[in-house]
J.: 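Here it is, the structure in full.
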Amino acid sequence: QLQLVESGGGLAQPGDSLSLTCTASENTFLNYGMGWFRQAPGKEREFVAAIGSDFTTQYSDSGKGRFTISRDNRKNQLYLQMNSLKPVDTAAYYCAGRAWFGSRSSSEYPYWGQGTQVTVSS
């Protein structure tokens, strides 16, 4: 079973950058499609970005142009580089895994990390 641990969240000011990392427990990580989702208090979990085992990427409209998803299969790690952060980006960020392909739908991911908090405030 794929286990995922996020790190790298914290407090940022508007316009700052943050990088999130998700470390996977298995060397079969390269066979998984991975996604980043976020959930703000009182709101539903929403898609941020995804990357397939073939490195194909997808982005939400809110993240496109500001966020970059990437992976390093040698390190079993997934990344989310977030630039030009806004207060609306404040949320708990979760990484998720599924077989082969990335997806925008959270219900298609069986494996989830525990989340890391990102707070953007001046």
J.: State, without any angle test, whether Gln77 and Thr23 hold a side-chain donor-acceptor pair at a distance under 3.5 Å.
T.: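 Thr23 and Gln77 do have a side-chain donor-acceptor pair below 3.5 Å.
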J.: To the nearest 0.5 Å, what is the distance between CD on Gln13 and CG on Leu85?
T.: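 Those atoms lie 11.0 Å apart.
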J.: Please give me the minimum heavy-atom distance between Ser106 and Trp112, naming the atom from each residue.
T.: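 What the structure gives for the nearest pair is O-CZ2, 3.4 Å.
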J.: Can you sort out the partners of Glu26 under salt bridge (Lys or Arg N to Asp or Glu O under 4.0 Å), two or more places apart, ordered by chain and number?
T.: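 Once residues adjacent in sequence are excluded, Glu26 has no partner under the salt bridge (Lys or Arg N to Asp or Glu O under 4.0 Å) criterion.
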J.: Roughly how far, to the nearest 0.5 Å, is the CZ atom of Arg74 from the CG atom of Leu30?
T.: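 The CG atom of Leu30 sits 12.5 Å away from the CZ atom of Arg74.
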J.: How would you list all residue pairs meeting ring pair (Phe, Tyr, Trp, His ring centres under 6.0 Å) that involve residues 81-108, not counting sequence neighbours?
T.: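 Non-adjacent pairs meeting ring pair (Phe, Tyr, Trp, His ring centres under 6.0 Å): zero.
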J.: May I have all residue pairs that pass ring pair (Phe, Tyr, Trp, His ring centres under 6.0 Å) and include part of residues 46-72, sequence neighbours excluded?
T.: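 For residues 46-72: Phe37-Phe47.
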J.: Enter the distance from Gln81:CD to Ser70:OG here, rounded to the nearest 0.5 Å.
T.: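 It comes to 8.5 Å.
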J.: Other residues, nucleotides and ligands only: do more than 12 of their heavy atoms fall within 6.0 Å of CG on Asp54?
T.: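 Yes, enclosed.
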J.: Could you identify which residues cluster with Tyr79, counting Ile, Leu, Val, Met, Phe, Trp and Tyr as linked when any side-chain heavy atoms lie under 4.5 Å apart, either directly or through a chain of such contacts?
T.: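 So far as hydrophobic clustering goes, Tyr79 is joined with none.
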J.: Sequence neighbours left out, what passes salt bridge (Lys or Arg N to Asp or Glu O under 4.0 Å) with Asp16? Give chain and number order.
T.: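 Salt bridge (Lys or Arg N to Asp or Glu O under 4.0 Å) check on Asp16 returns nothing, list empty.
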J.: Nearest heavy-atom pair of Arg71 and Gly52: which atoms, and what distance?
T.: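 That closest heavy-atom pairing would be NH1-O, 3.0 Å.
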J.: Count I, L, V, M, F, W, Y as connected when their side-chain heavy atoms are under 4.5 Å apart, and connections chain through other members. Are Tyr109 and Leu20 then in the same cluster?
T.: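 No; Leu20 is not reachable from Tyr109 via cluster members.
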J.: For Gln114, is the CD atom crowded, meaning more than 12 foreign heavy atoms sit under 6.0 Å from it?
T.: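 Yes.
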J.: When you compare the side chains of Ser103 and Ser105, does any donor N or O come within less than 3.5 Å of an acceptor on the partner?
T.: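 No - no donor-acceptor pair under 3.5 Å links their side chains.
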J.: Can you pull out every disulfide bond (SG atoms under 2.5 Å apart) where at least one residue sits in residues 14-100? Sequence neighbours excluded, please.
T.: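 As it turns out, the disulfide bond (SG atoms under 2.5 Å apart) pairs with a partner in residues 14-100, which skip direct neighbours, are Cys22-Cys95.
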J.: Under a 3.5 Å cutoff, is there a donor and acceptor pairing between the side chains of Ser17 and Asn83?
T.: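 Distance-only check passes for Ser17 and Asn83.
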